[in-house]
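Below is one structure, written out as structure tokens; comments come after it.
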Amino acid sequence: MVDIVKAMGWNYVSTVASEGSYGEKGVDAFTQLSRDAGGICIAQSLKIPHDHNTSDFDRTIRLLLDTRYARAVILFTSDEDIRGLLNASKRADQVGHFLWIGSDSWGAKNSPIHQLEGAAVGAVTILPKRTTISGFDAYFISRTLENNRRNVWFAEYWEENFNCKLMSSSKRDESSRKCTGQERIGIDSKYEQEGKVQFVIDAVYAMAHALHNMQRDLCPEYSGICPDMDLAGGKKLLRYIRNVSFNGSAGTSVTFNRNGDAPGRYDLFQYQRNNLTATGQGYRVIGQWMDALQLNIEDMQWPRGEQEIPSSVCSLPCKTGERKKVVKGMPCCWHCELCDGYQYQYDEFSCKLCSYSMRPIANRTACQPIPIIKLEWHSPWAVIPVFLAMIGIIATIFVMATFIRYNDTPIVRASGRELSYVLLTGIFLCYIITFLMIAKPDVGVCSFRRIFLGLGMCISYAALLTKTNRIYRIFEQGKSSVTAPRLISPTSQLAITSSLISVQLLGVFIWFGVDPPNTIIDYDEQKTVNPHLARGVLKCDITDLQIICSLGYSILLMVTCTVYAIKTRGVPESFNEAKPIGFTMYTTCIVWLAFIPIFFGTAQSAEKLYIQTTTLTISMNLSASVALGMLYMPKVYVILFHPELNVQKRKRSFKAVVTAATMSSRLSHKTSDRPNGEAKTELCENVDPNSPAAKKKYVNYNDLVI
């Protein structure tokens with residue numbers, strides 16, 4: 001029965017026993033063997049009392065329904081108790097729910113299921129293999145009260161078989177008819193050879209063989225029982241019985257194992273709906289058991305028309321990727337828990353975390369590498385910055401080409417040609433950094449990022465700072481002296497700008513020495529709650545703080561330049577570039593003030609790579625575009641479309657220029673009051689304090705605006 005349960009895949013069954021030695025010992029043996037076999041749990045062990053009534057069977061069914069998943073019920077019960085259980089299941093409208101496994105007390109009998117066939121459909125029963133013993137039927141049918149007086153139970157059998165009463169001391173009702181003694185077995189009553197006749201005969205023969213062997217060993221010189229046999233005792237006889245070996249009445253070998261049990265040979269039956277009997281139902285042999293189970297599952301049928309083997313399990317098997325959390329004290333019952341997050345199913349009962357660079361596969365039975373991504377050129381996050389950078393690069397090259405072409409014209413010379421080309425170079429590098437930030441990271445790309453990330457802005461704002469500082473110094477000193485300030489020549493301006501730029505380069509080279517550039521794969525940036533969306537980001541080993549530090553010096557130059565632009569805001573526009581530079585710096589400050597919260601505010605975002613790269617490149621593009629548009633586009637416009645304005649102005653003294661600038665900053669004149677509608681002056685770029693003009697308190701200059 002244990003093998004049948006295991007073959008069906010059932011691990012959660014109940015047992016029902018009739019009170020008494022047969023039922024209780026049968027259930028105990030089943031429980032012990034199932035425990036030894038492993039994988040079978042007993043949901044309930046119920047007992048039907050001797051003095052039972054209908055309510056006892058109804059209660060048993062109710063209790064069995066408390067563990068509904070334990071559909072298989074092992075029965076070690078009498079015929080009467082079998083009928084009671086089937087009837088109770090019918091009353092409870094649970095026909096077909098229970099999968100009955102009957103012991104040999106049920107076997108292939110029809111009496112326990114008479115008129116309850118529907119409730120018995122699907123029941124699996126066992127019966128020891130038996131053979132009808134030829135000659136026994138003729139012998140037993142010929143037995144009468146006269147020729148079988150030696151059997152003290154025969155009279156009781158006679159009354160039961162013929163439903164009559166033999167004597168006044170009989171326990172049968174007074175209303176029963178009296179036996180005549182002329183009744184005949186098989187004629188006046190139904191007769192069927194009891195299946196256990198074979199085993200009774202073999203038992204008698206086993207005893208005979210044991211006595212024979214015992215007499216042969218202990219009394220070799222006697223033809224009968226000797227004194228040694230009288231004194232041998234039962235234990236010695238039992239050893240002889242266990243050692244017998246002979247062919248039994250059915251032609252099969254009769255032996256006993258060390259426990260005294262005969263070899264188990266059973267036929268397995270299932271009560272099915274078929275066309276073999278008038279009732280449309282009957283027992284069908286579905287296999288046998290001889291030391292091992294041989295079961296024809298394809299021949300089995302189940303109640304309720306179920307095609308597959310019904311389940312009788314405490315818990316359904318866990319799905320792939322789920323672990324079993326076993327219920328304490330009930331190894332067949334468990335809860336299924338999904339291996340969540342970055343865990344995978346290590347074995348049936350546990351989950352383990354994937355390594356840092358791995359994630360679970362779809363069914364969570366193993367781990368796989370997390371895909372590696374980078375910012376792609378075709379991504380919308382890259383397309384917009386690249387487009388802006390391309391437009392900016394084209395515009396920068398166009399402006400630079402225009403200035404080179406008209407290098408000796410007054411407007412170009414008045415712009416400070418040397419610093420203009422330096423500033424255009426810085427603007428060009430600001431656009432170029434966009435391509436380095438989007439390119440696939442490697443050691444070379446990461447090195448160029450470190451160098452050019454802040455260099456373009458540093459060159460731009462160093463040049464602008466030098467210009468605004470020069471303007472400020474000229475006009476501040478001009479208020480008190482006609483002597484030109486020191487270090488305002490083009491060579492001096494380039495030297496100052498170069499020294500400012502060298503600070504940025506020195507910082508970058510120190511950075512290279514302390515922390516050589518390299519690439520990393522950041523698995524934390526896009527390690528989302530859903531592991532299937534996780535990505536590793538290929539990037540340069542530059543932190544957000546290092547980016548800001550790299551840009552910090554350029555931002556310092558930008559702020560300083562803005563301060564000088566504010567200080568020179570009073571200088572009339574016609575005198576110099578102070579106001580365009582001021583507008584440029586104000587706008588640039590706004591751009592970078594917006595950049596910083598966006599850059600750091602997205603540090604925890606799953607889209608950090610895209611947002612920060614796009615924000616940084618667009619901010620640099622806008623900074624460069626503002627400078628290019630406000631400082632150079634008006635000059636290019638005049639050079640190309642109004643060449644008549646690109647002419648040399650009259651020369652004026654340094655004192656006159658400063659005085660005019662000072663007065664124009666203090667007084668507000670109406671346009672109609674000015675002689676020519678506006679006041680225009682120019683100041684020489686190159687003032688030689690040793691020249692004759694300087695000694696006469698006058699400064700000549702070459703038509704250049706400050």
Side-chain angles (χ1 to χ4, degrees), residues 1 18 20-26 28-30 32-33 76 78 103-109 126-158 160-161 185 191-267 288-291:
M1 295 173 81
S18 295
S21 176
Y22 172 78
E24 294 176 28
K25 288 187 176 180
D28 289 343
F30 177 86
Q32 183 60 47
L33 289 173
F76 280 90
S78 63
S103 64
D104 57 351
S105 64
W106 186 335
K109 297 177 183 175
I126 65 173
L127 188 64
K129 277 185 173 295
R130 61 185 184 179
T131 303
T132 301
I133 304 301
S134 58
F136 179 82
D137 290 341
Y139 164 78
F140 194 76
I141 289 173
S142 66
R143 297 300 89 193
T144 64
L145 292 172
E146 288 77 16
N147 62 16
N148 197 25
R149 294 184 182 276
R150 67 188 182 91
N151 190 332
V152 295
W153 296 287
F154 192 70
E156 184 177 347
Y157 164 77
W158 194 272
E160 184 69 28
N161 190 46
I185 299 172
Y191 169 76
E192 180 181 1
Q193 187 178 128
E194 168 59 49
K196 297 181 177 60
V197 168
Q198 167 193 345
F199 306 111
V200 173
I201 295 174
D202 289 342
V204 173
Y205 274 109
M207 178 67 76
H209 280 282
L211 289 170
H212 176 77
N213 294 337
M214 186 179 188
Q215 194 275 337
R216 183 189 58 197
D217 293 342
L218 298 181
C219 311
E221 299 177 357
Y222 288 84
S223 60
I225 296 176
C226 65
D228 289 339
M229 287 185 67
D230 284 336
L231 300 174
K235 289 185 177 180
K236 197 168 206 177
L237 176 60
L238 179 60
R239 288 198 296 271
Y240 277 97
I241 293 175
R242 288 183 174 180
N243 289 327
V244 300
S245 177
F246 62 95
N247 287 330
S249 56
T252 57
S253 175
V254 176
T255 57
F256 299 96
N257 60 22
R258 58 184 298 179
N259 296 322
D261 297 320
R265 300 185 183 93
Y266 295 91
D267 285 322
Q288 61 181 353
W289 193 96
M290 290 190 298
D291 296 327

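Numbering starts at 1 and runs along the sequence shown. Everything numeric here is computed off the predicted structure, so don't read it as measured data.
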Mind listing the closest non-hydrogen atom pair of [X] and [Y] along with its distance?
X	Y	answer
V197	F136	CG2-CE2, 3.7 Å
F76	M1	CZ-SD, 3.5 Å
S245	T255	OG-CG2, 3.6 Å
W158	T144	CZ3-CA, 3.9 Å
I185	F140	CD1-O, 3.6 Å

4.5 Å side-chain heavy-atom contact, Y157 and N148: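 No; the side chains remain at least 4.5 Å from each other.
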
Sub-4.5 Å side-chain heavy-atom contact between D104 and Y22: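 They are in contact (side-chain heavy atoms under 4.5 Å apart), so the answer is yes.
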
Once you round to the nearest 0.5 Å, how far does [atom1] of [X] lie from [atom2] of [Y]?
X	Y	atom1	atom2	result
R265	W289	CZ	CH2	10.5 Å
N147	R150	CG	CZ	10.0 Å
T131	F199	OG1	CZ	8.0 Å
N243	F256	CG	CZ	10.5 Å
D267	I126	CG	CD1	10.5 Å
N257	R242	CG	CZ	8.0 Å

For a quick test of your reading: what N or O donor-acceptor pairs under 3.5 Å do the side chains of residues 200-220 make, sequence neighbours left out?
{"residue": "D202", "atom": "OD1", "partner": "S249", "partner atom": "N", "Å": "2.8"}
{"residue": "D202", "atom": "OD1", "partner": "S249", "partner atom": "OG", "Å": "3.1"}
{"residue": "N213", "atom": "ND2", "partner": "H209", "partner atom": "O", "Å": "3.2"}
{"residue": "Q215", "atom": "NE2", "partner": "C219", "partner atom": "O", "Å": "3.1"}
{"residue": "Q215", "atom": "NE2", "partner": "Y222", "partner atom": "O", "Å": "2.6"}
{"residue": "Q215", "atom": "NE2", "partner": "G224", "partner atom": "O", "Å": "3.1"}
{"residue": "D217", "atom": "OD2", "partner": "Y240", "partner atom": "OH", "Å": "3.0"}

Donor + acceptor pair across side chains of S105, S103 (<3.5 Å):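 Looking only at side-chain atoms, S103 and S105 do form a donor-acceptor pair, the distance falling under 3.5 Å.
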
Any donor-acceptor N or O pair under 3.5 Å, side chains Y191, N161: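 Distance-only check fails for Y191 and N161.
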
Report, as yes or no, whether the 6.0 Å neighbourhood of atom [atom1] on [X] holds more than 12 heavy atoms from other residues, nucleotides or ligands.
X	atom1	result
K25	NZ	no
E156	CD	no
I141	CD1	yes
E192	CD	no

Any residue meeting side-chain contact (heavy atoms from CB on, under 4.5 Å) with D28, in chain and number order, not counting sequence neighbours: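 Testing D28 for side-chain contact (heavy atoms from CB on, under 4.5 Å), a comparison that skips the adjacent residues, returns none.
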
